[in-house]
Each structure stands twice: as structure tokens, then as C-alpha cells.
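We count ligands from 1, going down the list as the structure has it; atoms in each ligand are counted the same way.
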Amino acid sequence: MTASTGTDTVWKGGIADDLSRTILSAEQIATRTAALGAQIAADYRGRDLLVVGVLSGSFLFIADLVRQINLPLALDFISVSSYGDRTRSSGVVRMLKDLNQPIAGRDLLLVEDIIDTGLTLSYLIENLRTRHPASIAVATLLDKTEARVVKIDTAYVGFECPNEFVVGYGLDYRGRYRNLPYIGVLKPEIYQDE
Ligand code: 5GP
């Protein structure tokens with residue numbers, strides 16, 4: 001399905017009208033995700049790969065990504081919340097849901113929706129390192145390198161993201177818009193109405 005058929009038939013006249021513009025179409029996301037999946041499969045062949053989704057924003061990306069990785073991987077989820085205002089993280093992170101299994105000696109691939117300052121992921125990586133995995137790598141759909149405060153090694157990046165607040169394909173504004181099948185920028189009046 002292309003972005004235009006998906007958005008025109010289902011989304012027009014609904015939440016898509018809250019966007020000022022689209023940044024990435026569903027088709028662009030799918031094509032890039034397939035390429036990343038193939039690359040990950042080639043890199044991790046023969047290893048004990050545990051893919052870890054960082055909830056909630058990565059739920060659509062991880063669902064699509066793992067279906068493009070032709071390996072007998074294992075899957076787990078972790079959930080953290082960063083204290084900060086609605087559109088900026090503070091680096092002070094609270095663990096909401098931990099992994100369900102030990103990770104010592106395993107190859108971890110952390111899957112994020114977006115890396116902004118890098119503070120959330122840097123906390124997570126430090127926390128996970130203390131459990132002695134064999135390796136930790138990061139896959140992110142979007143990378144806002146302009147906003148980076150701490151250095152993060154990103155092995156797999158979907159797209160460079162402009163330094164704007166984006167929603168859709170898992171990414172929310174106040175808990176909404178995660179179900180939009182593509183990524184865009186909200187109209188200013190949506191923020192002003194709040
Ligand atoms: P960081 O700690 O790297 O600054 O922020 C990471 C988290 O902030 C992401 O996982 C996401 O939840 C949130 N975030 C950062 N930028 C955006 C954005 O443009 N849109 C949305 N919806 N969330 C964002």
C-alpha cells in the first residue's frame with residue numbers, strides 16, 4: 001500500500017488534517033525498514049540476537065523491522081519515562097517496565113523511534129551495560145542529530161530528522177497520533193489549543 005492510498009482513503013478528514021506537512025510517507029518508511037532489516041540480518045547471522053524495543057514510541061517500527069530480519073531472533077521490551085516537559089527530555093529517566101529476561105552474554109539491538117538529545121538512550125545503555133551483554137547496538141528510525149547533547153553510537157539509522165517535533169508511526173503528542181501510518185509535523189494551532 002502506498003502512503004497516498006493509505007492516507008487518502010482512511011485518514012483524510014480525520015487526524016491527518018492536524019498535520020501541517022508530511023515528513024516521511026508510509027512507503028518511504030517501509031522501503032527503508034526493509035533495507036535496515038536485511039543489513040541487520042547480515043550483521044547478526046550466527047549470533048544470539050535479542051531485539052529490545054523501547055516502548056512506547058517504537059512499537060510500530062519494531063513490529064515492521066523484526067519482520068524484515070530473517071533470523072531466529074528473540075524479542076523483549078523495556079519502557080522508560082523521561083522527566084521533562086512535553087517536547088524535551090531532561091535526562092532523568094525512570095524505568096517503567098524492565099526486560100523479562102537476563103541479557104548476560106547476548107547481543108542486544110536496542111530499537112528506538114527517535115533519538116533527540118540522546119539522554120534517554122544514554123541512560124538506558126549505561127543501565128543495560130551493568131548486566132554484561134556481549135554487545136549493545138542501536139537502531140533508530142529517526143535521528144535528530146542537531147539536537148544531540150550526549151554522543152550515541154547509532155549502528156542503524158532510518159532517516160535523519162529535522163529539529164522539529166514530529167508525530168505519527170508510533171510517535172505521539174500527549175499520547176495521541178501514534179496510530180498515524182506516516183510521520184509529519186503538527187499544525188501550530190494544535191499546540192496552541194492545548
Ligand atoms: P531524547 O532523550 O533522545 O532527547 O528523547 C528521546 C525520546 O523523546 C524519544 O524516544 C521520544 O519519546 C521523545 N521525542 C524526541 N523527539 C521527539 C519528536 O520529535 N516527536 C515525538 N513525538 N517524540 C519525541
Residue Asp98 excluded, over 12 heavy atoms near CG under 6.0 Å
yes
Asp113 contact mode with ligand 1 (heavy-atom cut-off under 4.0 Å)
side chain
At a 4.0 Å threshold, what atoms of ligand 1 neighbour a non-hydrogen atom of Ile114?
6 (C), 9 (C), 10 (O), 11 (C), 14 (N), 15 (C), 16 (N), 17 (C), 18 (C), 19 (O), 24 (C)
Looking only at heavy atoms, is any part of Glu164 under 4.0 Å from ligand 1, and if so is it the side chain, the backbone, or both, or is it neither?
backbone
Do Leu171 and ligand 1 have an N or O pair less than 3.5 Å apart?
no
Under a 3.5 Å cutoff, is there a donor and acceptor pairing between the side chains of Asp43 and Tyr156?
yes
salt_bridge(Arg174, Asp172) N-O dist < 4.0 Å:
no
With no hydrogens and no angle check, is any side-chain donor or acceptor of Arg32 less than 3.5 Å from a backbone partner on Val157?
yes
Run the numbers for me: atoms of ligand 1, each under 4.0 Å from some heavy atom of Thr120, listed by number.
1 (P), 2 (O), 5 (O), 6 (C)
Which word best sums up how the rings of Phe165 and Tyr173 line up, parallel for under 30°, tilted for 30 to 60°, or perpendicular for over 60°?
perpendicular
Taking distance alone, with N or O pairs closer than 3.5 Å, would you say Lys144 contacts ligand 1?
yes
Arg21 backbone acceptor or donor facing Lys187 side chain under 3.5 Å:
no
Main-chain N/O of Leu119 paired to Thr117 side chain as donor or acceptor, under 3.5 Å:
yes
Please determine which of Leu128, Asn127, Leu55 meets the side-chain contact (heavy atoms from CB on, under 4.5 Å) test together with Ile78.
Leu128
Check for me whether Phe165 has a heavy atom closer than 4.0 Å to any atom of ligand 1.
yes
For Asp172, state whether at least one heavy atom is located under 4.0 Å from any atom of ligand 1.
yes
Which ligand 1 atoms, with their elements, are less than 4.0 angstrom from a heavy-atom of Glu112?
10 (O)
Would you mind running through ligand 1 and noting each atom that sits below 4.0 Å from a heavy atom of Asp116?
1 (P), 3 (O), 4 (O), 5 (O), 15 (C), 16 (N)
Look at ligand 1 and say whether Gly118 reaches it with a heavy atom at a distance under 4.0 Å.
yes
